[in-house]
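The block underneath contains the structure these notes are about, expressed in structure tokens.
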Amino acid sequence: MLLQAATAVRERAYAPYSRFKVGAALRSPSGAVHVGCNVENVAYPEGTCAEAGAIAAMIAAGDTAIAEILVIADSPEPVPPCGGCRQKIAEFAAQDVRVTLCTTDGKSKVMSVADLLPGVFTAAHMDRT
Ligand code: THU
């Protein structure tokens, strides 16, 4: 399940600068589960988030859609995806897709993609015809 997959991959996060390890797991409509963790860099802006890693793994595996996604961190409250990751998730997920935010001590919060990113920028905004 996604919680187990995200919990396991979180342990492999590379976060020597923030010491804040994050794991993400998503399920594609194919049923395949793809995981990612944050990978930091000494040049701080070059670090990547767990959600971005899971999405990259999904695309590399040949899947192109998110049916469900879960994120976990050792956070006082369920960890919310950053703004950039909200847009990245919205690229591959319908508005009603479930996003579960978790803490390592068992708290969780369920949201939808629409909850996370109201007013999302889409390809339709570039349509002039
Ligand atoms: N981070 C994630 O990987 N996902 C989130 O949803 C929030 C933040 C990472 C980025 C950075 O490596 C560390 O957490 C602290 O911001």
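Only a predicted model underlies this, so the values are computations on that prediction, with no experimental measurement involved. For ligands, and for the atoms within them, numbers begin at 1 and follow the listed sequence.
In this pair, Tyr14 and Tyr17 present their aromatic rings perpendicular. The plane angle is above 60°, beyond the 30 to 60° band.
Panel note: side chain Lys21, backbone Glu11; a donor-acceptor pair is recorded below 3.5 Å. Between the side chain of Asp63 and the backbone N or O of Ala65 there is no donor-acceptor pair closer than 3.5 Å. Not one N or O on the side chain of Asn38 forms a donor-acceptor pair closer than 3.5 Å with the backbone of Thr48.
Between the side chains of Gln95 and Ser112, no donor-acceptor pair is found at a separation under 3.5 Å.
For the pair Gly47 and ligand 1, no heavy-atom separation below 4.0 Å is found.
The neighbour count for Arg98 CZ, taken as heavy atoms of other residues, nucleotides or ligands under 6.0 Å away, does not exceed 12.
For atom 16 (O) of ligand 1, no protein heavy-atom neighbour is present inside the 4.0 Å cut-off.
The Ser18 neighbourhood of ligand 1 comprises atoms 13 (C), 15 (C), with distances under 4.0 Å to a heavy atom of that residue. Of all atoms in ligand 1, listed by their number and element, those nearer than 4.0 Å to a heavy atom of Val22 are 1 (N), 2 (C), 3 (O), 4 (N), 9 (C), 14 (O).
The protein heavy atom nearest to atom 9 (C) of ligand 1 is Asn38 ND2, 3.6 Å. Here the protein heavy atom with the shortest distance to atom 7 (C) of ligand 1 is Pro80 O, 4.1 Å. At the top of the distance list for atom 14 (O) of ligand 1, counting protein heavy atoms only, stands Phe20 CD2, 3.4 Å.
Neither the backbone nor the side chain of Ala24 has any atom closer than 4.0 Å to an atom of ligand 1 (non-hydrogen atoms only).
One finds the SG atom of Cys85 at 11.5 Å from the CG atom of Leu117 (value rounded to the nearest 0.5 Å).
Heavy-atom proximity to atom 8 (C) of ligand 1, evaluated over Ala13, Cys85, Gly36, Cys49, is greatest for Cys49. For atom 13 (C) of ligand 1, the choice among Arg86, Glu51, Glu40 with the nearest heavy atom turns out to be Glu40.
Of the polar atoms of Ala50, at least one N or O is found under 3.5 Å from an N or O of ligand 1, judged by distance alone.
With respect to Lys107 and Glu77, a salt bridge is recorded, a charged nitrogen being found less than 4.0 Å from a carboxylate O.
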